[in-house]
Amino acid sequence: MIMADLKTEFLGISSPNPFWLASAPPTDKAYNVNRAFEAGWGGAIWKTLGEDPHIVNVSGPRYSTLFSNDRRVIGFNNIELITDRPLQTNLDELRQIKKDWPDRALVASIMLPMDEASWAKYVPMIEDTGVDGFELNFGCPHGMSERGMGAAVGQVPEYIQMATEWAKQAASVPVIVKLTPNIADILPPAKAAQDGGADAVSLINTINSIMRVDYDSLTMYPTTDGMGTHGGYCGEAVKPIALNMVAEIARSDATRALPISGIGGITNWRDAVDFFALGARNVQVCTAAMVYGFKIIDDLVDGLSTFLDQKQMTLDQLVGKAVPSVTDWQHLNLNYIEKAVIDQDLCIKCGRCHIACEDTAHQAITNMVDGERRFEVIDEECVGCNLCVSVCPVDGCISMQQLTTGTDPRTGEPITDEKLQWTGHPNNPMRKTG
Amino acid sequence: MATQKPSPDIRSSRLGKSEIDRNFSDLHPPLSRPEALIEADRCYFCYDAPCITACPTGIDIPGFIQKIRSDNIQGSAHTILSENIMGGMCARVCPTEVLCEEACVRNLHEDKPVEIGLLQRYATDPIFEQNNQLFERAASTGKKVAVVGGGPAGLSCAHRLAVLGHDVVVFNRDSKPGGLNEYGIAAYKTINDFAQTEVDYILSIGGIELRNNSPLASAAELSDLCEEYDAVFLGVGLALSNSLGIEGEDMTGVLNAIEYIADLRQAEDKSKLPVGRNVVVIGGGMTAIDVAVQSKRLGAEQVHLVYRRGPEQMSASVFEQTLARTSGVAIHHWASPERIIGGDHVTGVEFRVESSDDRLHLEADIVFKAIGQNMNGDGLISIALESGRFVVDENQKTSMDKVWAGGDCVVGGDDLTVSAVQHGKIAAIDIDRHLRKA
């Protein structure tokens with residue numbers, strides 16, 4: 001069996017596969033990174049370095065979790081700050097790791113105050129360890145942002161550009177800017193990074209969050225000595241948010257040339273395919289490793305290779321493949337019509353499609369036909385919304401099928417091949433004519 | 001043969017006490033919290049769920065399972081017990097494989113239903129353990145109802161009447177309440193005296209006076225009850241065992257299964273129970289299975305269960321039949337007993353094999369008759385009967401003024417605790433309706 005080669009060049013940094021560990025607790029020190037590289041990870045972004053003296057972390061709960069009912073982790077919340085070890089210790093270990101693992105990507109994440117002198121001082125010192133590049137942490141939404149760093153920078157495009165420029169001036173290796181999702185629109189921060197000379201952006205960092213309250217004490221959960229603070233949310237639950245931001249950068253005229261390192265809830269190879277197809281050229285993983293350990297790299301590599309083999313594609317060909325299919329709502333074809341179709345042989349008669357449609361959508365699915373429990377789509381009511389597909393527990397039981405001829409039984413309008421966008425729709429007072 | 005086999009070979013302590021204890025431990029151990037949460041997660045929360053329709057008491061099964069998922073155990077138990085006050089016992093003894101779990105839509109794509117019975121037990125066990133009273137009595141109506149029978153039908157009726165604000169006197173034939181929950185049902189299905197725990201919980205609602213050792217003996221007594229009380233509910237069960245009507249039936253060693261099961265349930269030390277070396281059980285229902293399996297688990301060497309028709313016709317479910325087989329019971333179909341063989345004591349049974357001239361001869365130290373029960377309805381002849389059982393309408397009302405009935409003693413009674421509970425509940429609601437109109 002010959003598997004697709006996953007060897008990757010990202011900003012000229014080569015790695016045996018495109019799966020890097022994100023800057024986070026798994027890359028806190030040499031011991032962890034050694035284990036990760038032994039397990040087969042393609043690269044690692046070291047836990048964010050800061051000024052000396054190093055910061056301190058709380059010695060209480062740093063994580064909390066959104067669980068499924070069987071306690072599968074859906075999302076993580078964390079309040080851990082950047083490295084709490086002396087800078088020199090980190091530098092020594094970086095140097096040793098790069099020496100021991102020359103074929104792996106090793107990137108230093110850094111977070112520094114908004115003054116040029118700090119960047120001029122620390123960047124060369126860190127680069128001297130032999131790291132392949134820098135990632136500027138403009139993303140962490142907790143703790144450090146209160147001190148004017150992390151997300152406090154990432155939320156102001158002018159600061160992003162300024163700090164990126166300082167970093168670029170001091171560094172000779174590539175500089176990646178890590179973006180925060182705690183903004184209204186991802187494009188201005190991405191553009192600012194580009195304007196500052198960033199070689200790439202990576203996204204997303206974590207999302208401001210409070211996990212829950214404690215149902216006994218009715219305080220927020222968890223707390224440090226009775227008080228808590230918001231943290232950064234990550235894991236599977238954030239993937240859709242990350243994918244949208246990646247796609248926005250990848251399809252925007254202003255930023256489409258900017259290489260992207262995709263981050264956010266990647267747990268298995270399919271998640272990685274999502275990021276690649278929407279424009280990421282490599283991906284970073286943290287939460288899944290923190291939940292399952294480094295061994296998940298096996299499925300990531302093996303699954304992606306097998307997928308590419310089946311598609312007869314290279315990884316380069318996959319990158320951005322789905323980007324042309326992402327557009328604005330106003331460009332969707334309003335003449336296109338789908339109806340749900342329920343495969344009666346697969347239907348287990350749970351009725352979830354019916355009650356979802358009946359209570360919350362368009363009353364377009366029966367529950368009784370001729371006195372029998374039977375769930376059928378009423379084409380006269382179905383708007384093709386996909387809710388039934390979303391709630392059906394049986395894979396493949398309900399599918400959406402396009403109407404290509406005749407009339408739409410719901411509207412009585414003839415089906416046409418002619419495309420109609422909102423921009424030209426008669427109901428749109430701002431429509432473009434001619 | 002080297003040694004003469006003692007005849008009959010009936011003795012106690014065929015197995016050591018520890019082995020017997022193990023054989024009579026919980027048939028379905030309760031779910032732990034992690035197990036329950038995972039199992040609850042399998043419920044699809046169906047619309048108009050088929051499991052609800054399949055439950056004779058109409059418990060909102062997806063509703064109670066959803067509450068388990070959110071750790072709302074008390075709410076879950078309330079959902080269950082408000083439709084079926086014996087939801088604890090039913091969680092243990094219901095043939096769920098032919099009721100709610102058979103209807104589960106998961107059968108259609110993975111052939112493995114949600115374990116509804118075990119989840120129901122998970123939700124209700126803490127309520128009984130903590131004696132957590134979930135119900136409140138309505139304001140007193142000043143009405144008095146006599147409930148005859150302390151089994152599932154009677155207690156269900158009494159509880160609902162008490163909740164609705166009526167005062168109830170339960171006339172119970174036996175020295176303990178519970179009916180077949182206490183005296184029937186295989187011991188490994190209801191360990192740790194659960195039947196009495198449940199009865200105590202039911203009675204703790206208040207307004208129910210229990211009178212044990214108070215059988216209803218005559219039509220005159222029934223008339224007296226109708227005089228003295230505003231309404232009467234009959235849940236008297238089927239007290240008499242059916243006869244085989246064949247030669248030798250009167251020999252010693254030919255026993256009614258139901259009586260042996262009662263003795264077994266009441267035994268302090270099961271190793272002291274006399275057990276035959278060779279046991280033959282005649283019948284095809286739950287009682288037949290229960291006595292066969294329990295005999296085997298008490299140490300009988302050979303247990304044969306013989307039924308006159310095929311496996312599909314057995315009223316014991318497939319699960320029960322499998323339980324019997326895996327417990328070491330040999331099941332024979334299509335064979336009808338022709339005569340009991342023996343002198344003073346039974347030594348065997350001869351069966352006629354269906355559609356042939358063959359005879360099946362089985363040695364037996366004990367023969368159990370488990371071919372159903374009937375009601376001694378003679379004394380209550382003033383009520384319309386059909387096939388020896390009371391005729392009732394859809395509200396469990398009999399032909400007699402002020403008298404309702406339910407459980408096994410009515411036409412349509414099906415030997416299930418859950419059905420009896422439903423009868424009692426429906427009757428109570430109808431009685432309440434009548435009493436409020438009066």
As an exercise: rank A/Ile348, A/Val394, A/Leu346 by heavy-atom pairs under 4.5 Å with chain B and give me the winner.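 Option with the top pair count is A/Ile348.
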Write down the atom of B/Leu108, the atom of A/Cys347, and the distance for their closest heavy-atom approach.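 Scanning both residues, the minimum pair turns out to be CD1-O, 4.5 Å.
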Give the atom names and distances for all donor-acceptor pairs closer than 3.5 Å across chain A and chain B.
unit_1   : atom_1 : unit_2  : atom_2 : d
A/Asn69  : ND2    : B/Leu37 : O      : 3.3
A/Cys350 : O      : B/Tyr47 : N      : 2.9
A/Arg352 : NH1    : B/Tyr44 : O      : 3.3
A/Arg373 : NH1    : B/Tyr47 : O      : 3.3
A/Arg373 : NH1    : B/Asp48 : O      : 2.8
A/Arg373 : NH2    : B/Tyr47 : O      : 2.8

